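Read the structure below first, then the notes.
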Amino acid sequence: MVDLATNFMGIKLKNPLVVSASTISGHVDTVKAAEAAGAAGLVIRSLFEEQIALESQRMADQISQYNHISPEASSYFPAVKHGGPKEHLMWVEKTRKAVKMPLFASLNAVTPGAWVQYAKELADTGVNGLEINFYYVAADPEKSGSEIEKQLYEVVEKVRAAVTLPIAVKLSPYFTSVVNVVRELEKRGVNSVVLFNRFLQPDIDAENESIFNEMTYSTSAELRLPLRHVAILYGRTKLDLVLNTGVHTGIDAVKGLLAGASVVQFTAALLKNGIPYLSTMLVQLQDWMTEHNYKTVDDFRGSLSQKRCDDPFAFERAQYVKLLLKQSL
Ligand SMILES: Cc1cc2nc3c(=O)[nH]c(=O)nc-3n(C[C@H](O)[C@H](O)[C@H](O)COP(=O)(O)O)c2cc1C
């Protein structure tokens, strides 16, 4: 019998498979189903400050549209205000009570005050850790890459000072030097980095000359990007590495662990195949370990990282040039 136990941010997990932030955490039934299928933990979908701001604005607009009919009437009634993050916080608390597995809250804020306030409020719900979901679309030509990084570090410093919970930072893959960003995050006392978030890109409908957004799920082919960065980072940082994006099978999880991930996170595999599929992924991981004579996950974690593999250049440019030269019609 193989032992899948994994230490993640000081938390003992029964295996390295964690459900990433998504709509799976939107129903108690699906969260329970993930636990029953063997998930070691689950990240609850993000609390988005922008969504709260948008809902508050809509509510204020709806109330004010009747002001012209009876302006004085609005002063008779107590002011109606949007509840802010309350609904989300209550949801996190409810989820916490529904399952025993470790749960992680996720936060995506915009203003410095909200990063701190919401982080504290999420920490008070009883979750085991906090994931900072930092995403910035660089569309302002006046703003340099280092300014955007500085913004990330300021957020991390503020949240670190506000909560004692373990913190993971979920990054986008669009930083020029991911290794450098991770080193800077480590200096600021975070416990883990999640590589990477996957963002939906808008598309263009050429026929109707319009822009549209549609949900597309990842495939295993997308695993290679986080795999490369996890492999480069393993042994170069003390932070726990989380591989996220493109994990669709137990063998994809094996690849992440060989590269050096402490845990792998996934969502699309479960949205496509149903939550019980997680148990199939676990069996695939166990079977692979048995076939390869590994008793624990630590026996092979990071063995194909850049530091430990036979060909360190495989993760850099050299192999790329070789491959390009090999291609012919
Ligand atoms: C329907 C859906 C909702 C998501 N919601 C969130 C979210 O609230 N916060 C977040 O950080 N990531 C969110 N994600 C991104 C996932 O957590 C994950 O990073 C991404 O889907 C890549 O993993 P995958 O290849 O296993 O799908 C969402 C993804 C999907 C498909």
Side-chain angles (χ1 to χ4, degrees), residues 16-27 30-31 34 37 39-52 54 85 87-89 91-92 95 103-110 115 118-119 122 127 129-137 152 155-156 159 167-174 190 192-201 213-230 241-257 259 261 263-275 277-278 280-282 284-285:
L17 304 194
V18 171
V19 180
S20 70
S22 78
T23 39
I24 292 171
S25 61
H27 304 275
T30 43
V31 177
L42 175 141
V43 187
I44 297 171
R45 66 186 147 89
S46 304
L47 167 58
F48 288 103
E49 182 189 1
E50 266 173 327
Q51 192 185 348
I52 292 169
L54 197 74
E87 198 184 321
H88 186 92
L89 294 167
W91 177 252
V92 178
T95 313
L103 290 178
F104 304 91
S106 167
L107 174 60
N108 176 291
V110 185
W115 274 112
Y118 295 170
L122 285 168
V127 288
L130 181 66
E131 198 170 273
I132 292 180
N133 172 11
F134 184 85
Y135 183 54
Y136 185 93
V137 177
L152 164 68
V155 164
V156 167
V159 175
I167 296 177
V169 182
K170 191 174 189 182
L171 295 173
S172 90
Y174 306 119
V190 309
S192 163
V193 277
V194 184
L195 308 168
F196 294 107
N197 207 342
R198 177 177 183 268
F199 299 97
L200 294 175
Q201 312 293 352
N213 284 288
E214 94 186 323
M215 176 57 77
T216 54
Y217 294 143
S218 70
T219 65
S220 285
E222 289 174 53
L223 181 67
R224 291 183 183 192
L225 178 70
L227 207 55
R228 166 183 256 177
H229 286 278
V230 167
L241 303 170
V242 179
L243 185 143
N244 185 312
T245 295
V247 175
H248 285 260
T249 65
I251 299 304
D252 289 340
V254 166
K255 292 181 186 184
L257 298 166
V263 303
V264 296
Q265 281 185 7
F266 47 92
T267 277
L270 305 182
L271 290 175
K272 275 191 199 169
N273 303 305
I275 312 287
Y277 173 71
L278 197 147
T280 306
M281 293 172 73
L282 266 177
Q284 290 166 344
L285 167 60

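For ligands, and for the atoms within them, numbers begin at 1 and follow the listed sequence. Remember, predicted model here, so these are calculated numbers, not experimental data.
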How about Tyr136 and Leu152: do any of their side-chain heavy atoms sit closer than 4.5 Å? no

Sole candidate of Val194, Asn244, Val193, Asn197 that passes side chain to side chain contact (heavy atoms under 4.5 Å, CB included) when paired with Leu171: Val193

Answer whether the closest heavy-atom distance between the side chains of Leu122 and Leu107 falls below 4.5 Å. yes

Would a 4.5 Å heavy-atom cut-off, applied to side chains only, mark Ile44 and Val31 as touching? no

Quick note on ligand 1: atoms under 4.0 Å from a heavy atom of Arg198 include exactly 20 (C), 22 (C)

Return the orientation label for the His229 and Phe196 ring planes: parallel under 30°, perpendicular over 60°, tilted otherwise. perpendicular

Under 4.0 Å from a heavy atom of Phe266: give me the atoms of ligand 1 that qualify, with their elements. 26 (O)

Polar contact flag for Asn133 and ligand 1 (N/O pairs, less than 3.5 Å): yes

Note, Asp252 side chain near Val264 side chain (heavy atom, < 4.5 Å): no

Report, in ascending order of atom number, the atoms of ligand 1 lying under 4.0 Å from any heavy atom of Ser20. 16 (C), 17 (O), 18 (C)

How far is atom 24 (P) of ligand 1 from its nearest protein heavy atom, and which residue and atom is that? Ser218 OG, 3.6 Å

Against heavy atoms of Thr23, which atoms of ligand 1 measure under 4.0 Å? 1 (C), 3 (C)

Before signing off on this row, confirm whether Gly246 and ligand 1 have an N or O atom pair separated by under 3.5 Å. yes

Using a strict cut-off of 4.0 Å, indicate which atoms of ligand 1 neighbour a heavy atom of Asn197. 11 (O), 12 (N), 15 (C), 19 (O)

Could you check atom 17 (O) of ligand 1 against the protein and tell me its nearest heavy-atom contact, residue, atom and distance included? Ala21 O, 2.6 Å

Show me which atoms of ligand 1 lie under 4.0 Å from any heavy atom of Phe48. 8 (O)

For the 3.5 Å polar cut-off, considering only N or O atoms, please tell me whether Ala268 and ligand 1 meet it. yes

Less than 4.5 Å apart, side chain to side chain, heavy atoms only: is that true for Thr216 and Arg198? yes

Please check if the side chain of Trp115 supplies one atom and the backbone of Ile132 the other of a donor-acceptor pair under 3.5 Å. no

From Thr245, Leu107, Asn244 - option closest to atom 18 (C) of ligand 1 by heavy atom: Asn244

Less than 4.5 Å apart, any side-chain heavy atom of Leu200 and any of Met215? yes

Protein contact to atom 12 (N) of ligand 1 [nearest heavy atom, distance to 0.1 Å]: Lys170 NZ, 3.1 Å

Test side-chain hydrogen bond (donor to acceptor under 3.5 Å, both in side chains) applied to Ser46 - qualifying residues, sequence neighbours left out: Ser106, Asn133

Which of the numbered atoms in ligand 1 are under 4.0 angstrom from any heavy atom belonging to Arg45? 8 (O)

Does ligand 1 have a heavy atom under 4.0 Å from the side chain of Glu222, from its backbone, from both, or from neither? neither

Checking a contact table here: which protein heavy atom is nearest atom 26 (O) of ligand 1, and how many Å away? Thr267 N, 2.9 Å

Under a 4.5 Å cut-off applied to non-hydrogen side-chain atoms, are His88 and Tyr118 in contact? no

Protein residue, atom and distance nearest to atom 7 (C) of ligand 1, heavy-atom basis: Ser46 OG, 3.5 Å

